[in-house]
Q: 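Quick one: structure below, then a few questions.
Just so you know, residue 1 is the first one in the sequence shown, and it goes up from there. One-based numbering, in listed order, for ligands and for the atoms of each. Not measured: the values here are computed from a predicted model. Excluded from the calculations below are hydrogen atoms, water molecules and symmetry mates; all remaining heavy atoms, backbone and side chain alike, are included.
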Amino acid sequence: MAVENMETIMSIDKKKRLLDNLVIFGGKSALSETLHVGRPNKGEHEYFIQLATDILERQWLTNNGPVVREFEEAVACFLDVKHCIAVCNATTGLQLLFHALGLRDEVIMPAFTFVATPHAASWIGLKPVFCDVDERDHNLDPVEVEKLVTPETSAILGVHLWGNPCKVDELSEIAARHDLKVIFDAAQAFGGSYGNKMVGNFGEAEVFSFHATKMIHAFEGGIISTNNSKLAEKLRKMRNFGFSESGVVESLGTNAKLPEMSAAMGLVMLEQLERLGKIATANHQEYAKHLAGIPGIKLIDGYQYIVIVINQQEAGMSRDELADILIHENVQVKKYFSPGCDCLPPYNNRNYQLPVTRQLCEQCLVLPSSENVNSKHIKIITDIIRLVIKFAPEVKERMVNRGKI
Ligand code: T4K
């Protein structure tokens, strides 16, 4: 037999063996436990238990207690912002902010975001107007924003997606020219910066999430940050049924308070910020190293989330097919954000033209990264991606034959 043919047979055999190792084709996962996107970072248990014990012994569990105040001060100091108002979650924080700013009618926002962004507006009777995003950073495209401004528009709501800041200056300039408020959903961007300032200092105010899945969490929780003292005072009353500090109801309000236990977790996690930031950065670099050169895979900048964009033509397989393979391998990837918010009820009653959003909704995949994910895990995950893309036609054929697609 010619040497060439021998090599072909050997490589076919090797390819088959390699593909047989994939769980989707009957192999065994190299990961003994499932890796999740958004697996909570743990923090230091002893410190949390100490704070939790103090809270229980103090018998002051909520309603602007000392730990909430300490958490607010610590965050304000870190962000170098005048006011931080702790709330029970970012969704409610956004609602308080919309209310406090007296927004009405239409709010321009991206459709490529977590559904909390438009839901927060809709819930209080505002109309989300979905705008396309920039392909490079997945954030609001100012050129598209400008086109959507109408006499009904009251605000522009930017979302700092994946921890990367919006084009704050351009959005602020458009808002100023049309006399609109500009605010930011910074749920994913704690620790991010724009120019020489921390995210948290821009627009009328910004809203962070400290949900369990965020790098820094408080089980559930949020912070509204602002340099506007009047707005801060209003928000403080609103989150506590409209009560003033002297205990008199002065305005409409709701219950958006953060419990002491959550604030305690927030403080514990804040202490870990530097360490967790280093882990997240190292993980991002590790992914970048191992994903380099894989056709059709682009890793998005920003250390807090590992977001890849899969170009089906170049990769030879779709985002959904790759996700399916990885999930079988114990890698619980997330298809954030698919479908886009404009395609979800109750917003799917208008035919939005959002070409970049549409494309990203089909192409983005978020991979696991947290203190639970190390370089060995990343090597395993990226080896699988490299393998299945290298042999994409065979992988797809086998998937079809097995009824997987
Ligand atoms: N704006 C933006 C741009 C946002 O991204 C978010 C929240 C908000 C506003 C609203 O903020 P909050 O009101 O929540 O403060 C998760 C989070 O629930 C959500 O907070 C977050 N964005 C969103 C991006 O992700 P899901 O539906 O993906 O969560 P879930 O339950 O599927 O969990 C994700 C993964 O994390 C799972 O694979 C399991 C793992 N996990 C989760 C939890 C809660 C754990 O391992 N342990 C846990 O305790 O929304």
Q: Heavy-atom contacts with Pro40 under 4.0 Å: which atoms of ligand 1 show up? List them by number with element.
A: 45 (C), 46 (O), 47 (N), 48 (C), 49 (O)

Q: Mark whether atom 31 (O) of ligand 1 lies under 4.0 angstrom from at least one protein heavy atom.
A: no

Q: Specify the protein heavy atom at minimum distance from atom 43 (C) of ligand 1: its residue, its atom name, and the distance to 0.1 Å.
A: Thr213 CG2, 4.2 Å

Q: Would you please classify the geometry between the Tyr194 ring and the Phe202 ring as parallel, tilted or perpendicular, with 30° and 60° separating the classes?
A: perpendicular

Q: Considering the heavy atoms of Thr91, write down every atom of ligand 1 situated less than 4.0 Å from one of them.
A: 10 (C), 12 (P), 13 (O)

Q: So which heavy atom in the protein is nearest atom 22 (N) of ligand 1, and how far is it from that ligand atom?
A: Lys214 NZ, 3.0 Å

Q: Distance under 4.0 Å to a non-hydrogen atom of Val159: what atoms of ligand 1 satisfy this?
A: 3 (C)

Q: Got the closest protein heavy atom to atom 5 (O) of ligand 1, with its distance?
A: Gln188 NE2, 3.0 Å

Q: Ignoring hydrogens and geometry beyond distance, is a side-chain donor-acceptor pair present between Glu106 and Ser154 at under 3.5 Å?
A: no

Q: Please verify the inter-ring angle class for His217 with Phe219; under 30° counts as parallel, over 60° as perpendicular, anything in between as tilted.
A: tilted

Q: May I ask you to list the atoms of ligand 1 that are less than 4.0 angstrom from any heavy atom of Thr113?
A: 3 (C)

Q: So, Asp342 versus Asn348: side-chain donor-acceptor pair below 3.5 Å or not?
A: no

Q: What protein heavy atom lies closest to atom 34 (C) of ligand 1? Include the residue and the distance to one decimal.
A: Lys334 CE, 3.7 Å

Q: At under 4.0 Å between heavy atoms, which part of Phe210 makes contact with ligand 1: side chain, backbone, both or neither?
A: neither

Q: Show the atoms of ligand 1 that are less than 4.0 angstrom away from any heavy atom in Ser209.
A: 11 (O), 12 (P), 15 (O)

Q: When you measure from atom 39 (C) of ligand 1 to every protein heavy atom, which one gives the shortest distance, and what is it?
A: His36 ND1, 3.6 Å

Q: If only atom types and distance count, is the side chain of Glu72 paired as donor or acceptor with the main-chain N or O of Ala86 below 3.5 Å?
A: yes

Q: List every atom of ligand 1 that sits less than 4.0 Å from any heavy atom of Thr117, numbering the atoms from 1 in the order shown and giving each element.
A: 1 (N)

Q: Check the orientation of Phe112 and His138. Use parallel for under 30°, tilted for 30 to 60°, and perpendicular for over 60°.
A: perpendicular

Q: Any ion pair linking Glu73 and Arg69 (charged N to carboxylate O, less than 4.0 Å)?
A: no

Q: Using a strict 4.0 Å threshold on nitrogen-to-oxygen distance, state whether Asp20 and Arg398 make a salt bridge.
A: yes

Q: Side chain or backbone of Val37 under 4.0 Å from ligand 1, or both, or neither, by non-hydrogen atoms?
A: backbone

Q: For ligand 1, is any non-hydrogen atom under 4.0 Å from Glu220's backbone (N, CA, C, O), its side chain (CB onward), both, or neither?
A: neither

Q: What atoms of ligand 1 come closer than 4.0 angstrom to any heavy atom of Ala116?
A: 8 (C), 9 (C), 10 (C)

Q: Identify the closest protein heavy atom to atom 6 (C) of ligand 1: which residue and atom is it, and at what distance?
A: Phe114 CD2, 3.5 Å

Q: Got the closest protein heavy atom to atom 26 (P) of ligand 1, with its distance?
A: Tyr336 OH, 3.7 Å

Q: So which heavy atom on Pro66 is nearest to which on Trp60, and how close?
A: CD-CD1, 4.0 Å

Q: side-chain contact (heavy atoms from CB on, under 4.5 Å) with Leu161: which of Asp137, Thr117, Asn139?
A: Asn139

Q: Which atoms of ligand 1 have any heavy atom of Ala187 under 4.0 Å away?
A: 1 (N), 2 (C), 4 (C), 6 (C), 8 (C), 9 (C)

Q: Is it true that a side-chain atom of Ser172 and a backbone atom of Val168 form a donor plus acceptor pair closer than 3.5 Å?
A: yes

Q: Hey, what's the ring geometry for Phe210 with Phe71, parallel, tilted or perpendicular (30° and 60° as the breaks)?
A: perpendicular

Q: So which heavy atom in the protein is nearest atom 44 (C) of ligand 1, and how far is it from that ligand atom?
A: His211 CE1, 3.9 Å

Q: Please work out whether any backbone atom (N, CA, C, O) or any side-chain heavy atom from C-beta onward of Arg39 is under 4.0 Å from ligand 1, and answer side chain, backbone, both or neither.
A: both

Q: Any sub-3.5 Å donor-acceptor pair from Asn240's side-chain atoms to Gly253's backbone N or O?
A: no

Q: With nothing but distance in play, are any N or O atoms of Asp185 less than 3.5 Å from an N or O of ligand 1?
A: yes

